[in-house]
Q: 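Handing you this structure, nothing more for now.
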Number of protein chains: 2
Amino acid sequence: MKQQDVFKAMADPTRRAILKRLQGGALTAGEIGAAFEITGASLSHHFAVLKRADLVRTERRGQYIVYSLNSTVVEDLARVLFDLFPNRGGRAGDKS
Amino acid sequence: MKQQDVFKAMADPTRRAILKRLQGGALTAGEIGAAFEITGASLSHHFAVLKRADLVRTERRGQYIVYSLNSTVVEDLARVLFDLFPNRGGRAGDKS
DNA sequence: GCAATTATTAGATAATTGTCTAATTATCTA
DNA sequence: TAGATAATTAGACAATTATCTAATAATTGC
């Protein structure tokens, strides 16, 4: 997990919205884009960032490209956050 | 919690390092700065971002200003992340 | 093969951001 | 009150980034 890439990816509201949309299951780039006002090119840029952070996985299916969540990476991120703050009952990722 | 401010704040490695340093307890601006190569002015900028995100609290003590973590906000953030990803055993912030 | 569809890549531009130096504010102490 | 110390604010600048239009790539179906 490239921490910096993940944090950077999560810092943009559009990308968080994309992740949110993928909660319900895998979607094609077009299906995701339908919910946003920005161009497909901009969307592609965001997809690239999310992929670089390993937050989503892609699979080509015919002319479509299907995106799906990679939950584990964001779980890792959540663990990092918990670790940043001690004295809270030692849950996920308890290193001490 | 202003989600966007928090995510933006966490996106910078210097700011994450500052939070990390504060794990051991409250520190003055100068004590924190001693660990970084950047100028005090740049540090101040980062402090401002962290404060806007409500990730740190400040208290003036004489000529010093003391910074401390505000754990709850980052815990909230971690919860948001967990919520982004369903089907993982429903822990913190379980909304469903 | 060719047109249509889906998506990405290339290149340009405006906005944001991290950094710096210089100036300012707040506090302490002699 | 004056000087020293701690920290922030102001203003400038370079790097990054989100967005766009136009061009390119991959696939399907005629």
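Letters A, B, ... are given to chains in the order of the sequence lines, protein chains preceding strands, and every chain is numbered from 1. Because the structure is predicted, anything quoted here is derived from the model rather than measured.
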Q: Does Ala11(B) offer a backbone N or O that forms a donor-acceptor pair with the side chain of Gln4(A) under 3.5 Å?
A: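 The answer is yes, because a donor-acceptor pair under 3.5 Å joins these two groups.
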
Q: Testing the basics here: between Val66(B) and Ala26(B), what is the closest heavy-atom pair and its distance to 0.1 Å?
A: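 Distance-wise, the nearest heavy atoms are CG1-CB, 3.5 Å.
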
Q: Checking Lys20(A) against Arg16(A) for the side-chain contact (heavy atoms from CB on, under 4.5 Å) test, could you report, in this order, the C-alpha distance in whole Å, the side-chain angles of both residues, the deciding distance, and whether it holds?
A: CA-CA 6 Å; Lys20(A) 203 91 180 156; Arg16(A) 290 199 304 279; over 6 Å; no

Q: Using Watson-Crick and G-U wobble pairs whose two distances are both under 3.5 Å, how do you write the pairing of DNA chain C as dot-bracket, with | for links to another strand?
A: ||||||||||||||||||||||||||||||

Q: Near DNA chain C, which residues from residues 26-36 of chain B have a heavy atom under 4.0 Å away?
A: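 Correct list: empty, so none.
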
Q: Could you tell me how far apart Leu43(A) (CG) and dT9(C) (C1') are, to the nearest whole angstrom?
A: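 Answer to the nearest Å: 15 Å.
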
Q: Would you find a donor on one side and an acceptor on the other, under 3.5 Å apart, between the side chain of Arg61(B) and the backbone of Gln63(B)?
A: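 Looks like no, no N/O pair under 3.5 Å.
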
Q: Can you give each donor-acceptor pair under 3.5 Å made by side-chain atoms of residues 49-56 of chain B, sequence neighbours left out, with the distance rounded to 0.1 Å?
A:
unit_1, atom_1, unit_2, atom_2, d
Asp54(B), OD1, Arg57(B), NE, 3.3
Asp54(B), OD2, Asn70(B), ND2, 3.4

Q: Collect all protein-nucleotide pairs involving nucleotides 16-21 of chain C in which both atoms are nitrogen or oxygen and the distance is under 3.5 Å.
A:
unit_1, atom_1, unit_2, atom_2, d
dT17(C), OP1, Lys8(B), NZ, 2.9
dG18(C), OP1, Arg15(B), NH2, 3.2
dG18(C), OP2, Arg15(B), NH1, 3.3
dG18(C), OP2, His45(B), NE2, 3.2
dT19(C), OP2, His46(B), NE2, 2.3
dC20(C), OP2, Thr39(B), N, 2.9
dC20(C), OP2, Thr39(B), OG1, 3.0
dC20(C), OP2, Ser42(B), OG, 2.7

Q: Which donor-acceptor pairs under 3.5 Å do side chains of residues 27-42 of chain B form with protein atoms, sequence neighbours excluded?
A:
unit_1, atom_1, unit_2, atom_2, d
Thr28(B), OG1, Glu31(B), N, 3.1
Thr28(B), OG1, Glu31(B), OE1, 3.4
Glu31(B), OE1, Thr28(B), N, 2.9
Thr39(B), OG1, Ser42(B), N, 3.2
Thr39(B), OG1, Ser42(B), OG, 3.2

Q: Please say yes or no: joined through hydrophobic side-chain contacts below 4.5 Å, possibly via intermediate residues, are Leu43(A) and Tyr67(A) part of one cluster?
A: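 Per the 4.5 Å side-chain linkage, Leu43(A) and Tyr67(A) are co-clustered.
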
Q: Where does the chain A footprint on DNA chain D start and end, counting 5' to 3' with a 4.0 Å heavy-atom cut-off?
A: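 Terminal contacting nucleotides, 5' to 3': dT17(D) to dT28(D).
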
Q: Might you point out which heavy atoms bring Ile65(A) and Arg60(A) nearest each other, and give the distance in Å?
A: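 For Ile65(A) and Arg60(A), the tightest heavy-atom pair comes out as CD1-NH2, 3.7 Å.
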
Q: Return the CG to CG distance between Asp12(B) and Leu19(B), rounded to the nearest 0.5 Å.
A: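 Between Asp12(B) CG and Leu19(B) CG, I get 10.5 Å after rounding to 0.5 Å.
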
Q: Measuring from atom NE2 of His46(B) to atom CD1 of Ile18(B), what distance do you get when rounded to the nearest 0.5 angstrom?
A: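 Taking NE2 in His46(B) and CD1 in Ile18(B), the distance rounds to 6.0 Å.
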
Q: One pair to check against side-chain contact (heavy atoms from CB on, under 4.5 Å): Met10(B) and Arg15(B). What are the steps and the verdict?
A: CA-CA 7 Å; Met10(B) 299 292 304; Arg15(B) 289 193 288 267; over 6 Å; no

Q: Calculate, to the nearest 0.5 Å, the distance between atoms CD and NZ belonging to Gln3(A) and Lys8(A) respectively.
A: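 The CD atom of Gln3(A) sits 13.0 Å away from the NZ atom of Lys8(A).
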
